[in-house]
Amino acid sequence: MVPFIFRLAWLIPAIPYLAALLIGSGPKVSVLIRTRRTPSGRKRKLTFVQAPALVAIAGMAFALLLSLAVLWGTVAQPGVHEPLSVAWFSLGTEVMQVGIHVDPTAALMLVMVTLVCLIASIYSVSYIRDEPQARRFFITALFSAGAVLGVLVTDNLLVLFLFWQLLGVGSYLLTDLWRERREAQRSVLRRFIVTRVGDSMLLFGLALLYAEVGSLAYRDLFSAATVARLATTPYLGPLSVATVAALMLLGGTIGKSAPLPPHIRLPGAPEGATPVAALIHGATTVSAGAYLMIRAFPLLTQSGAMAVIALVGTAMALYGALRAAVQSNIERLLAFSTMSQLGFVLAALGIGAYAAGLFQLIMHAFFKALLSMAAGSIMQGLERGHRHTSGHAVPLHVKRERIDAADMLKMGGLAFRMPLTAISFLAGSLALSSLPLASAGFWSLGEISGGLWSTLLPPAWALALAAGLTAFSAMRPVALIFLTAPRSRAATYARENKLAMTLPMGVWALLATGLGWLGIPRGFPLLGRLSPNWFGPFVSTSLGEGLERIVPMTLAWQPAIVGVLLTLGGLAAGWWLYGRKSLSIQGDATVDPLHAALDRMGLPRLGESLLGKFGLADRAGALGSRTLRAAVGLEGLIEGGVLSLALIGRGLSELCGLIAGGWVGRGLQSLASPPAVRDRDVRRLQRRGVENHLWTTFVVVALLIAILVLFQRV
Amino acid sequence: MLISDYLYLAPVLSLLAGALLILLLDLLADREQMGRWGWKAALASGLLALGSTFLLGDAPVRVLNVLAYDVFTAYVWRLLLGALVLLILLGESYVRSHTDEPGLFYALLMFFAAGALLVAASTNTMMLLLAVELLSIAGTLLVGFLHADRRATQGAIRCLVYGSAMTAVMALGFSWFYGLTGTTDYALTSEALSGLWGSSPAPVIRPIALVPVLAFVLVGLVVKTGSAPFHHWLPGASDVSGGFVGASAPVAASLAILPKVAGFAALVRLTLVMLPEALDLHIVWRWPLVGILAVAAMLWGSLLGLRQHNIKRLMAFSGIAQLGYVLIGVVLATEAGLSALLVALTAYVLAEMGTFTAIAVVSQKMPLDLVSDYRGLYRRAPLLALGLLLFILSLFGMPGTAGFIGKLWLFTETFRAGYIGLLILAALSSVISLGYYGRVVRAGFMDSDAGMAPVPVPAAASVVLIAMMVGVLVLGIFPNTWLRWAQAAAQVFFASG
Amino acid sequence: MNLPILSVTLFMPLMGAVIVLLVDQRQSRMVRWIGVVFAVATLALAGMIWAATAAAGASEMRLVEHMPWIPQLDLWYTLGVDGLSAPMIFLSGLLTTVALFYSAFTVKERVKEYTFLFLLLETAMLGVFMALDMILFYVFWVVGLVPIFLLIGVWGGKRRERAAIKFFVYTLAGSVVGLLGLLAVYHSTGTFNVLDAAAARPFSASPTWATVVFWALFVAFAIRIPVFPFHTWLPDALTEAPTAGSVVLAGALLNLGGYGIMRIVLPFFPERFYTYAVEVPIITIMALMSIVYGALVCMAQWDLKRLLAYSSVAHMGYVTLGLAAASAAWLQGGDSSALNAAASGLNGAALQQFSHGIVMSAMFLLVGMISERARTRDLKAFGGLASVMPATYGLTLVTAFALLGLPGLIGFWSELFVFRGAVRLLPAAAVIGVIGMVFTAGYTLWKLVHCLFLGSLDRDRWAGLGDLLWWEKVSVWPLVILMIVLGIYPAPLVNTFNAAVNVMVQAFVLR
Amino acid sequence: MPIASVPLSWYLILGAALFWVGLYGLLASRALIRTLMSIALMLNAVVLNLVAFARFVEPARTAGKTFALIVYAIAAAQAALGLALLIAVRRPHSTVAVEGTDVLNRAPRVVDEGKR
């Protein structure tokens, strides 16, 4: 039974694609599920659950079921399974195999991703307004979901890369969602290209491994023997193949996971599905990126890149947290916090804390999903409030004042207007801030900083600082959105959303907080006994034998205390700055106390640069256009080179002409130009017709021949 | 066996007879009748001559002690006579519309051809001189054929002055040969020359002193036959310098084909029969003398061709370059090299014939013969344009055409003989020649035909065109038979020695 | 099996061309369909050839026909296919078919000559891939230039004159150099047979000569690929050619260059190739310049077809890079990982040609369809076409992704293989080449997708453009399907190439 | 001194001198008549050579003399032709093909530089 389930794992990524295909080509039916009374009193069909949504939900549910079955299978038989492997093509003397790889890590990730996608699909049903849009939305969503599932089930870096790239395409297809919006498209493109930088590094790494090992299957690449060999094979200068490959994979991961999700929501854009899209694309992308690192863990541990990974992770964590702390746009805030969280994961892997990293990754996916959904709910509520204030009588297509529903400075006091959302968001925020005991994040974070504490001290401090900042930026939106008084009319009239939206959030909130208990380290006082750490041993079976280099899940007490203190401090600071009293409003704009504080401290530039108004993109653009101009100029040069060859030919020809007509040819030329004929010469001769002279000539010549022929005795 | 000797002269005699017959007819018939019958009579005698070459067999024969009839001669004669027949066809419409003396034209053409045949076959310096003179006088008259026209006459004068001077130069060279050996026969000269320095008494004259003599002969022959760079008269004969045609297109074609082929045959004979291979003289002749001539011809023709705007001049320079390549065959002077020479020469004749047919047709409409007159030719006369393209490609050496086979063989043999520099220069000149070939093609195919009238193609001309196109292609793709002929012809000089 | 299937295939289009010549000018409809029918027949035969070669193992020459052609010059009519040429033959057949089919609906004037030239061109291309005699190879190689020259010159765009002449002079000049090289090889080895000559290693005793001849041949082929400093004819030619002409030129004709290098230059002069790819890395630099520089110029281009042309240059750069990488294995005799890397590089080069053929043709078709509708090629004039031409948008999107080497589409494999070879054998070049990938993604998506299809639509101008008609879809779909199918399951293609490449690598690597 | 005792080289030197004089005349002269005469001079040089050679090399046979005769005949033919052409140049513009006149009326469009 179990092998059979594993064998079916390939269906998991296939299902979303089939569903997408079905939606793309299927009949355009809409199912009416509800009618509503409009203010004018007439019944109008308002809300549909479209066939696309149904297909998508059914597909994701099926995928989830399968994933759960696979997870069950791995629980029953932990360890690595490769139930399927077929020949793909041959290159050189090697045959490339492709198949399925199932292990606890993959199974957990599968469940996580399918679950997130399923919930998000259900949740987005209430968002989607019209059928074509739904179609496009679900196709892109399913595309991405399928891609990340593909990344998870394959046994082969090549296939992983394939799906990895499809994931990029999935994000890219968002452009299709916003066909007419140039700005959004441009940012999607920009993101794609940035990702592409990472991808090309990854491809390089892949090519390197392929060339050195002759295969890209995990079992060949990450076997102890291979890894050891790669670690000792020199490649570029002092770097070994393993190191270079690890760095390249790291580049791929960063390229995939670190860039912000596309600037999704423009002020006043009507589509509401965007946060969900962001969730699916963003969360899945991040998981895929980190999954690569987790997969390649055996290689990383043997390479010289571990410290680099840890440092990069720390830097990302700190940077993301810093930037998240100052954002006033909720979506951007969440995006930067995602980046920061990925940094934590990388840092964990960098110190060899495999289980902790994975745990952090999964937990993050859960609470970030929660936060995203809550943010979507808030924005939706705000829009409803906005519609309420601008009146129902105005038809949809008439242009009216737009609001930026993601701007937290325009919110405030929503706790009572949207209580369910508020509770969910709070739960997510606390999880994000890794508040002890109340969140899943605490355990993993504690472990990571503990690990760093014992190996690299300065990064450990940085990481602790990042945790504090994360806590601050988790509290900040809570305070800004839900506490004090509303700061705009839309916020004043905002309303709680329908159950289809709030219920999934509620369920999710419970999950997000509860799951963390699965990973409490054994050494933790009291709780360590209460809930034995099942997670670590379970996932560590994913690693092949001889590769378990996992930092024991001990909890050093110094970092733990520092971490708790910093977290609490961050939360308190957030509340103190934003939740204590209403923000002052100057004119139209709300003053952000943080920025005001930074200004007062004489660091205005800091806030701005953290907000991203640094102009780096412009500079890069200018450099780019200079390069392009140079390239085009070079083209002219080459053309000129060819032309000059032609000119040399022409010149030679002129020279010949000169010789022909010049001093060398002067003698010849006197022959070449007809000699002058003088009149008096002619007059003497001009008695008979010319023909006769010609005739004479001829007769003479003919006679001559005759003479020769007759008297041929020479 | 005097009678049988005359038998071997049948081609020449039938041409002369044809010429005399036409002259006779010319006295009796009026212009209109002549226009109708003249070309037919000429054609008949041309065909007769051509046919008779096939009846003569392959065995080498010395005719009247001054001519050699062998496979080589037969090959060249057939080539010449084939060209003659086509020239008659080609000239037909042109002559009818351009002159009131059609009979004279054909008669001159026949004399011209007869001269060419004799040049190709002669094995005696005296005979050669005489035959060249016949060729050159008939040629001069042909150039001046539109004699009422002043500029045509000037072209003829130029021909005459040049030609006569070169006759003198060549004759001087021959006189020295005679003086050294006491004979005018090639083979005997060769023997005598080898004996000259082999004998016990100290030689009268050192071989190096003969180099100027060789140069005289070479220059004279080559310039007379128009295959070298010194002959401004050839482009000049068909030029537009005064804003007018020097020679009509059929005449230009005749000048471009007959004397050159004949001249090459004579050159080959001189090289292989008269100059004993054992002697340094032979080497001197081949490499510095003929070789330099070849290089000069190739580069000069290609480079000056670039400057031409008149298509006849352009083709004349292209012809110079082409014959420069052919001269390489003389430089090699091996059996294969000689075969290659014949092949290249034949390919040249085919292409040149075709090109001049096209030019003749167009110049009936637009007598200035500027390249720009060919604008949009593809839309005005597709057959003409395609033919022109094909011939030009053949001249360039495009694979699939006869020109390629010739060049390929020549180049292969050159490589084998180790004349790498020569080869590279030939390739270079080929590339340069693309410049002007490209211009013709561009005018014909790319330029718009706005303001240009369609060009009607006379039936005879289209027959020639199609025949040449087919010939160029067939010989380019299935050249086996042709190559066998050429090999057989070349063997003549090597089988015995 | 006694049927000389290669000859039959080779002369099938020529026969069609002759028949076309015989049909009356006015019956253009009939002419068109004769052309298509013959192209389809050839394609079917080409498919059979591929299948037969693959079935027979593809590692050595199959279906060989050998008879004297011009014995006096030691020329043989020798045909044969192996895994390297069979797919190329199929590709040429496919693209000609697509081009003729598409032209059957678009070309209105001088249909007869047009069809004739296309069929002639097909014979020439097939001939190059089949010929095993150097001069036979050369004949087909050069003969193919004339039809394309006329296609550009007569049916081309506004500036066709310059483009056609440039093409003519450039390629013919290159071919003269090539001929000299081939003659030199003959001089050295005494045979015109490609395989024998390769086995004999021309000029192995004389490095100077080997260098000279190597460069002559390399330049001759490099002009046709085209490689960086010799590429300037391509943008003009591709821009001015009619759509179908661009399809065949970009898709099939450029492959001749790479094929020539694989078949002739590399096996003949592995050590020279090694020298100039590794020790004095001129070739490698040329390849990298093609990649990076081509992509940069693409970014600066606003003319749709020119853009594609430069993108062609950039993509063909990978071919050269793959070859350079393969040659770098020369010194590493016994090392099986180096051998496999070299095989990978060669496979990558071959595949890149194939995939470039398919993808670039599809792109040229699509772009041609758009620009012919819009009567402009200026990218700045477009935007938002996705809403009026959804099918075009979808197809272009897939093609663009194939162009930038997305896994799952055909373009990816070649890049992977090339890099696999380069990473192992030419690491520094691989680093730079990888950067080119980023650029490619940039201009492809930005120019071909965003500027054309996204953004706001100029309704006054483009509302009436209309989506693809049935025959346009029929022309593009086969290519797109191939991109996807071979992208997911490249084995039919890769295994065929690989069989031949393994043999080649074994042959040229120093033992 | 008797004729017979004049050595061969004297004849040859004279011949060469004549030839060069003729060549100089040919190159230097712009008048057709003079040109033709120069050519005749060159041919005469050849004849002198031939006769001298015939006398000294093989007095018994006739080849050299025949050659000399032939060269004379050629010179005569050339002279005749030259004179005929001379007259043709000066002949009034009477009968001319139709196209000819037409062309003359068209101004030359391109000055060809290839020929000076």
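What you see below is based on every heavy atom in this structure, not just the backbone, and it leaves out hydrogens, waters and symmetry mates. Lettering follows sequence order; numbering is per chain, from 1. Since this is a predicted model, take the numbers as computed values, not measurements.
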Need one label for [X]: side chain, backbone, both or neither, based on atoms under 4.5 Å from any heavy atom in chain A.
{"X": "C:Val418", "value": "neither"}
{"X": "C:Pro427", "value": "both"}
{"X": "C:Met289", "value": "side chain"}
{"X": "C:Asn495", "value": "both"}
{"X": "C:Phe230", "value": "neither"}
{"X": "C:Phe439", "value": "neither"}
{"X": "C:Phe417", "value": "side chain"}
{"X": "C:Leu397", "value": "side chain"}
{"X": "C:Val501", "value": "neither"}
{"X": "C:Ile488", "value": "backbone"}

Next item on the list: Apply salt bridge (Lys or Arg N to Asp or Glu O under 4.0 Å) to the pair C:Asp236 and C:Arg162, showing each step before the final yes or no.
Entry: CA-CA 8 Å; C:Asp236 283 339; C:Arg162 180 185 147 82; 3.8 Å; yes
Item checked: A:Phe89: which of C:Trp413, C:Phe497, C:Tyr489 passes ring pair (Phe, Tyr, Trp, His ring centres under 6.0 Å) ->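 Only one option passes, and that is C:Trp413.
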Next item on the list: Determine whether the side chains of C:Thr399 and C:Thr396 contain a donor N or O and an acceptor N or O closer than 3.5 Å.
Entry: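 There is no such pair between these side chains.
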Next item on the list: Return yes if a side-chain donor-acceptor contact under 3.5 Å exists between A:Glu94 and C:Asn340, otherwise no.
Entry: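 Yes, because at least one side-chain N or O of A:Glu94 sits under 3.5 Å from a partner of the opposite role on C:Asn340.
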Notebook entry, point to check: Can you say whether the rings of C:Trp446 and C:Trp302 are parallel (under 30°), tilted (30 to 60°) or perpendicular (over 60°)?
Noted result: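 Correct class here is perpendicular.
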Next item on the list: Examine A:Phe204 together with C:Phe419 and report whether their ring centres are nearer than 6.0 Å.
Entry: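 Between C:Phe419 and A:Phe204, which both carry aromatic rings, the centre distance is not below 6.0 Å.
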Notebook entry, point to check: Is the distance between the ring centroids of C:Phe382 and C:His450 less than 6.0 Å?
Noted result: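 No, the ring centres sit 6.0 Å or more apart.
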Next item on the list: Output yes when a side-chain donor or acceptor of C:Ser290 lies under 3.5 Å from a complementary backbone atom of C:Gly317, and no otherwise.
Entry: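 The answer is no, because no donor-acceptor pair under 3.5 Å joins these two groups.
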Checklist line | Residue A:Leu209 versus chain C: region with a heavy atom under 4.5 Å | finding: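 Neither part; nothing is under 4.5 Å.
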